[in-house]
**Q** 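So that we are looking at the same thing, I have put the structure below in C-alpha cells.
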Amino acid sequence: METFVTAFNDIVWSAALVILLVCTGLYFSIRMRLFQVRYIADMIRLIFRGGKSEDGISSFQAIAVSLAGRVGTGNIVGVSTAIFIGGPGAVFWMWLIAFLGAGSAFVESTLSQIYKQKEDGQYRGGPAYYIEKGIGGTFGKYYALLFAVVTVIACGLLLPGIQSNSISSSATNALPMIDSWMIGAFIVVILAVVIFGGIRSIANVATAVVPFMAIAYIIVAVAIVIMNIEAVPGLIALIFKSAFGLEQQFAGTVGAMIMIGVKRGLYSNEAGQGTGAHAAGAAEVSHPAKQGLVQAFSVYIDTLFVCTATALMILMTGMYNVSDGDGGLIVDNGVYQTNAAGEKDVSGTVAFTQAGIDSAFHGMDNFQEDFIGFGSYFIAFALLFFCYTTMLAYYYIAETNLVYMLKGRMQWLKIVLGLVLIASAFYGAVSTADLAWLMGDLGVGLMAWINVIAILILQKPALKVFRDYERQYKLKKQGKLKGEIVYEPDRSDFKDHNFWVDEYPRRDEEGYSYPDRN
C-alpha cells in the first residue's frame with residue numbers, strides 16, 4: 001500500500017505541480033499589481049467588517065473557519081519536516097509560496113463568493129460550485145464532480161489522520177503514561193460533539209479557539225526570539241543563503257529544499273488548493289472581492305506568522321536534524337522521537353518544536369528525550385486545539401462537497417461522512433505518521449491540480465470583480481462614494497447563476513428570503 005501511494009505521490013507532486021503553483025501565484029500577483037502589498041491595511045480592516053445573517057457567517061467567522069483548516073499540524077510538524085528534508089532554506093520557499101499564493105487565494109475565494117448559492121438553509125460555495133457554474137456545460141459538471149469526489153475523499157478520509165497523529169505524538173511525549181488509543185478515543189468524543197452541529201457550530205468553535213491559540217503561539221515564539229536576539233541576523237542570513245545553495249553544507253539539497261518548501265507551504269496555507277474557498281463562500285459580504293482580500297490575508301497569518309514562529313523556535317535553538325537524502329544526516333543534533341512502532345525517529349517530528357521551546361526556557365544545550373518541560377506541554381496543548389479545529393474545517397469542506405453531489409438527496413450520508421472522518425482520526429492517532437503524511441500529500445496534490453487549472457480558466461470574472469472593487473475603493477477614498485462598497489454586476493456577466501444579479505439586490509425587501517437550491 002505504502003509503495004503504491006509513494007509512486008502515485010511522485011507523479012502528482014512532480015516538478016510540474018510545483019512550477020504550476022508558483023507560476024499561477026506569480027501570474028495573479030502581476031495581473032493585480034501586487035495587491036497583496038497594496039491592500040494589506042484593507043485586508044485587516046475587512047476581517048472585522050461585514051455582518052452575518054441566517055444564511056451566512058461573518059467575515060471574521062469565515063477567516064476563523066479558513067484558518068482552522070490552514071493552521072494545524074502543517075504549521076508545526078510540517079515546518080519540522082521541511083527543515084529536516086530541505087534544511088533552513090526550505091523556510092524561504094514556504095515564505096515565497098505564501099506571498100505568491102495570496103494571489104491564488106484571492107481568486108479562488110472571490111470566485112466562491114461570485115458563484116455561491118443557498119443550500120440546506122445556508123450559503124454554500126467552493127470550487128465545485130464555481131467550476132460547474134463558471135465553466136458550464138457537460139464538461140463543467142463533470143469537472144466539478146471530479147473535484148467534489150476528490151475533496152470528500154481527501155478531507156473526509158485522508159487528511160484527518162495527519163492531524164490526529166500529531167495530537168497523539170505530542171500528547172504522548174508530554175504525558176508518557178497515556179496510550180495513543182486513549183488520545184484517539186478523546187479525539188472521537190470532541191469531534192462528534194461539534195461536527196454534527198453544522199457550519200455555525202464549527203464557526204463558533206473556530207472563532208473562539210483559533211485567534212487565542214495563534215496569538216499565544218506567536219507570543220511564545222517572540223519571547224524565544226527576544227531571548228536569542230543576537231542570533232537573528234545570522235539565522236536570517238542562513239535561511240536566505242541556504243535557499244539558493246550558497247551555504248556549502250546545504251548546497252546539495254536545493255532541489256529537495258524547493259520541493260518540500262513548496263509542498264509543506266501549500267499543505268500549511270492551502271493557497272490554490274481550494275479548501276479556503278469553502279469558508280469564503282459561506283460569508284455574508286456586500287462585494288465578493290472583500291472576502292477574497294480577507295482570505296488572502298489568512299495565508300499571511302498561516303505562513304508568514306505561525307510557520308515562521310515555528311521555524312525560528314527550531315532553528316534558533318538548534319533542535320533539528322537535516323537529511324542528506326540517502327538515509328544519512330547532514331546535520332545531526334541528536335533530536336529524535338520514539339514512534340508508535342517503538343523505533344527512534346530522527347526525521348522532522350513534533351519533537352523538534354517541543355525540544356526547541358524546552359531548550360529556550362529550560363536552558364537545555366542537548367536534546368533529552370526523557371525531559372518534559374514547558375515546550376512539551378505547550379506544543380501538546382497547541383496541537384490539540386490547532387489540529388482539532390482543522391479536523392472540524394475538514395468536515396465542513398467535505399460536507400459542502402457532499403451536499404453539492406447529493407443535490408438534496410440521501411441526507412443521511414452526511415452522518416456517514418462524519419463517522420468516516422471520526423474513524424480516520426482515531427486510526428491516525430494510533431498509527432505511525434509516514435503513511436498518514438503520504439495519503440495527506442496525495443489528497444492535497446490532487447485537489448491542487450484540479451483547482452489551479454479551474455481558477456486559471458475562470459480568472460476573468462474574478463479579475464473583473466477585483467477591478468470593480470478597486471474602482472469603488474478609489475471613489476470612496478476620494479469621498480465620492482458614500483456607504484459600503486457593493487457589487488452590482490451586469491446580467492451578461494453570468495450564464496445561469498443569479499445570486500448577485502437577482503437575489504442579493506432584493507435582500508432588504510420585506511419578507512424576502514434567498515431561495516434554497518435543494
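What you see is a predicted model, and the numbers here were worked out from it, not measured in a lab.
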**Q** With heavy-atom distances below 4.5 Å as the criterion, would you say the side chains of Phe352 and Thr310 are in contact?
**A** no
**Q** Among pairs that include at least one residue of residues 35-44, which meet salt bridge (Lys or Arg N to Asp or Glu O under 4.0 Å), considering only residues two or more places apart or in two chains?
**A** Arg38-Glu470, Asp42-Arg45
**Q** I need the minimum non-hydrogen distance between Gln291 and Val285, along with the two atoms involved.
**A** NE2-CG1, 3.9 Å
**Q** Please report the closest heavy-atom contact between Gln472 and Ile485, naming both atoms and the distance.
**A** OE1-CG2, 3.5 Å
**Q** Say you draw a straight line from CG of Leu312 to OG1 of Thr317; how long is it, rounded to the nearest 0.5 Å?
**A** 10.0 Å
**Q** Looking at every heavy atom in both Ala277 and Ser109, which two are closest together, and how far apart are they?
**A** CA-OG, 4.2 Å
**Q** Show your reasoning for whether side-chain contact (heavy atoms from CB on, under 4.5 Å) applies to Tyr142 and Leu146.
**A** CA-CA 6 Å; Tyr142 281 108; Leu146 175 63; over 6 Å; no
**Q** Going through the distances and angles, do His287 and Val465 end up as a side-chain contact (heavy atoms from CB on, under 4.5 Å)?
**A** CA-CA 8 Å; His287 197 290; Val465 163; 3.4 Å; yes
**Q** Going by side-chain contact (heavy atoms from CB on, under 4.5 Å), name the residues that satisfy it together with Ser164, two or more places apart in sequence or in a different chain.
**A** Ile187, Met391, Ala425, Ala429
**Q** Contact between Ile455 and Ser104 at the side-chain level, heavy atoms closer than 4.5 Å - yes or no?
**A** yes
**Q** How long is the gap from OG1 on Thr24 to CG on Leu100, to the nearest 0.5 Å?
**A** 10.0 Å
**Q** Tell me, with the steps shown, if Ser112 and Tyr129 meet side-chain contact (heavy atoms from CB on, under 4.5 Å).
**A** CA-CA 7 Å; Ser112 187; Tyr129 291 89; over 6 Å; no
**Q** Pairing donors with acceptors under 3.5 angstrom, does anything connect the side chains of Tyr487 and Gln113?
**A** no
**Q** Do Leu293 and Tyr469 have side chains that approach each other closer than 4.5 Å (heavy atoms only, starting at C-beta)?
**A** yes
**Q** Gln354 and side chain to side chain contact (heavy atoms under 4.5 Å, CB included): which partner among Ile379, Leu383, Ile314?
**A** Ile379
**Q** Can you see which heavy atom on Ile83 is nearest to which on Ala311, and at what distance?
**A** CD1-CA, 4.3 Å
**Q** Are any non-hydrogen side-chain atoms of Ile85 and Ser323 less than 4.5 angstrom apart?
**A** no
**Q** Please confirm whether the backbone N or O of Gln295 pairs with a side-chain atom of Ser298, one donor and one acceptor, at under 3.5 Å?
**A** yes
**Q** What is the ring orientation for Tyr143 with Phe139, classed by angle as parallel under 30°, tilted 30 to 60°, or perpendicular over 60°?
**A** parallel
**Q** If you measure from OH on Tyr394 to CG on Leu417, what distance do you get to the nearest 0.5 Å?
**A** 14.0 Å
**Q** Could you list the donor-acceptor pairs under 3.5 angstrom formed between side-chain atoms of residues 92-99 and any protein atom two or more places apart in sequence or on another chain?
**A**
unit_1: Trp93; atom_1: NE1; unit_2: Ala243; atom_2: O; d: 3.3
unit_1: Trp95; atom_1: NE1; unit_2: Thr308; atom_2: OG1; d: 2.7

**Q** Please determine whether side-chain contact (heavy atoms from CB on, under 4.5 Å) holds for the pair Lys464 and Asp468, giving the CA-CA distance in whole Å, both sets of side-chain angles, and the decisive distance to 0.1 Å.
**A** CA-CA 6 Å; Lys464 186 173 183 179; Asp468 178 72; 5.9 Å; no
**Q** What distance do Lys414 atom NZ and Thr400 atom OG1 have between them, rounded to the nearest 0.5 Å?
**A** 9.5 Å
**Q** Report yes if some heavy atom in the side chain of Tyr130 is under 4.5 Å from a heavy atom in the side chain of Glu108; otherwise report no.
**A** yes
**Q** Of all heavy-atom pairs between Ala154 and Gly443, which one has the smallest distance, and what is that distance?
**A** CB-CA, 3.8 Å
**Q** Mark yes or no for whether Asn401, through its side chain, and Val152, through its backbone, hold a donor-acceptor pair below 3.5 Å.
**A** no
**Q** Can we call the ring centroids of Phe28 and Phe106 under 6.0 Å apart?
**A** no
**Q** Do any N or O atoms from the side chain of Asn333 and from the backbone of Tyr320 form a donor-acceptor pair under 3.5 angstrom?
**A** yes
**Q** How about Thr353 and Tyr217: do any of their side-chain heavy atoms sit closer than 4.5 Å?
**A** yes
**Q** Can you tell me if Gln273 uses its side chain to pair, donor with acceptor, with the backbone of Met447 under 3.5 Å?
**A** no
**Q** As an exercise, state the distance from NZ of Lys241 to CD1 of Ile236, rounded to the nearest 0.5 Å.
**A** 13.0 Å
**Q** I'd like to know if the side chain of Tyr300 reaches the main chain of Gln36, judged simply by a donor and an acceptor atom lying under 3.5 Å from each other, with no hydrogens or angles considered.
**A** yes
**Q** Work out which heavy atom in Ile114 is nearest to a heavy atom in Pro461; give both atom names and the distance.
**A** CD1-O, 3.9 Å
**Q** Using a 4.5 Å cut-off on heavy atoms from C-beta on, say whether the side chain of Arg31 contacts that of Phe466.
**A** no
**Q** Going from CD1 on Ile258 to CD1 on Ile19, what distance comes out if it is rounded to the nearest 0.5 angstrom?
**A** 10.0 Å
